[in-house]
Structure formats: structure tokens, C-alpha cells
Asker: 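Just dropping this structure here.
The basis for the numbers below is simple: all heavy atoms, side chains too, and nothing from hydrogens, waters or symmetry mates.
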Amino acid sequence: MQTSPEAFIAILGMALVTIAIKAGGLLLADRLPRQGFAAAWLRHIPGAVLAALVAPALVTGSPAEMIAAIATGGIYILTRNLFAAMAAGVLAVYLARLLLAS
């Protein structure tokens with residue numbers, strides 16, 4: 001398999017941007033507030049981003065997405081393990097799409 005120079009440059013550029021973002025976050029972490037309104041707001045950002053990513057798929061998606069969302073939520077409630085819940089959601093959407101397509 002031959003890789004074009006343009007593809008290699010694009011991949012390298014994306015890797016550098018990703019590393020810069022992560023390094024910037026680590027360097028700025030000590031400057032973030034630990035108490036107060038801003039700290040509480042920052043703690044809720046990951047959930048808000050996840051909801052913004054998942055909500056459109058649930059609204060416009062097929063029943064497979066709804067089944068996967070229910071499975072993910074149920075597994076998380078039972079286990080409190082985020083990795084297990086995500087794995088269950090991926091498996092549920094795969095199986096639901098496989099079975100509902102038939």
C-alpha cells in the first residue's frame with residue numbers, strides 16, 4: 001500500500017495539533033479555578049459535550065440507536081463503569097442494526 005505525501009503531511013499535522021491541544025490542557029490545568037461557579041461549570045462540560053453528540057443520533061436515528069442508548073444507560077446504572085457502559089452501547093447498536101436490518 002502506497003501512501004501519498006499529502007496524506008502523510010495531513011496525518012502528521014493532525015497528530016501535532018492533537019499533541020499541542022493535550023499539552024496545552026496540561027499546562028493550563030494548574031491555572032483553572034478549583035472552587036466556585038467556574039469550577040462547577042467546568043466539571044459539567046464533558047457531560048454536556050457527550051449529550052450534544054448523542055442527542056442528534058437519538059432524535060434522527062433508527063430504533064437501533066435508541067436500543068443502544070437504553071443499554072448504555074442501564075449498564076452504567078448497574079455497574080457505574082463507564083468503559084463497560086460504552087462497550088455495551090457499541091455492542092448493542094451493532095447487534096440491533098444487524099438484527100433489525102434482516
Side-chain angles (χ1 to χ4, degrees):
M1 182 171 108
Q2 189 76 18
T3 303
S4 70
E6 293 85 9
F8 181 74
I9 290 170
I11 292 169
L12 182 63
M14 288 186 283
L16 290 174
V17 168
T18 301
I19 291 169
I21 289 171
K22 290 182 181 227
L26 290 174
L27 294 173
L28 292 175
D30 289 337
R31 296 176 187 247
L32 295 174
R34 302 206 191 286
Q35 297 176 346
F37 175 78
W41 179 74
L42 287 171
R43 281 192 296 272
H44 289 89
I45 287 177
V49 170
L50 183 61
L53 293 172
V54 171
L58 290 177
V59 172
T60 62
S62 68
E65 281 80 13
M66 187 62 68
I67 292 168
I70 292 168
T72 303
I75 294 296
Y76 184 76
I77 289 169
L78 291 174
T79 66
R80 297 288 183 210
N81 184 325
L82 186 58
F83 180 74
M86 289 177 9
V90 170
L91 181 63
V93 78
Y94 172 75
L95 292 175
R97 286 178 180 172
L98 189 66
L99 296 173
L100 293 175
S102 309

Asker: Can you spot which of Thr18, Ile19, Leu26 makes a side chain to side chain contact (heavy atoms under 4.5 Å, CB included) with Lys22?
Answerer: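 Result for side chain to side chain contact (heavy atoms under 4.5 Å, CB included) with Lys22: Thr18.
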
Asker: By side chain to side chain contact (heavy atoms under 4.5 Å, CB included), which residues pair with Ala39, not counting sequence neighbours?
Answerer: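 Side chain to side chain contact (heavy atoms under 4.5 Å, CB included) check on Ala39 returns Arg43.
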
Asker: Going only through I, L, V, M, F, W and Y residues with side-chain contacts under 4.5 Å, is there a path from Val17 to Ile9?
Answerer: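 Per the 4.5 Å side-chain linkage, Val17 and Ile9 are not co-clustered.
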
Asker: Distance-only criterion, 3.5 Å: show the donor-acceptor pairs between side-chain atoms of residues 80-89 and protein atoms not counting sequence neighbours.
Answerer:
residue, atom, partner, partner atom, Å
Asn81, OD1, Phe83, N, 3.0
Asn81, OD1, Ala84, N, 3.0

Asker: How far does CG of Leu12 sit from CE of Met14, to the nearest 0.5 angstrom?
Answerer: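 That separation rounds to 9.5 Å.
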
Asker: Could you give the distance from CG (Leu100) to CG (Leu95), rounded to the nearest 0.5 Å?
Answerer: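 Taking CG in Leu100 and CG in Leu95, the distance rounds to 10.0 Å.
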
Asker: Without placing hydrogens or testing angles, list every side-chain donor-acceptor pair under 3.5 Å for residues 59-74, not counting sequence neighbours.
Answerer:
residue, atom, partner, partner atom, Å
Thr60, OG1, Pro56, O, 2.7
Ser62, OG, Ala64, N, 3.3
Ser62, OG, Glu65, OE1, 2.6
Glu65, OE1, Ser62, N, 2.7
Glu65, OE2, Arg97, NE, 3.4
Glu65, OE2, Arg97, NH2, 2.4
Thr72, OG1, Ala68, O, 2.8

Asker: Flag yes if Leu32 and Leu27 sit in one hydrophobic cluster, no otherwise; membership is Ile, Leu, Val, Met, Phe, Trp, Tyr, and two members link when side-chain heavy atoms are under 4.5 Å apart.
Answerer: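 Shared cluster, no.
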
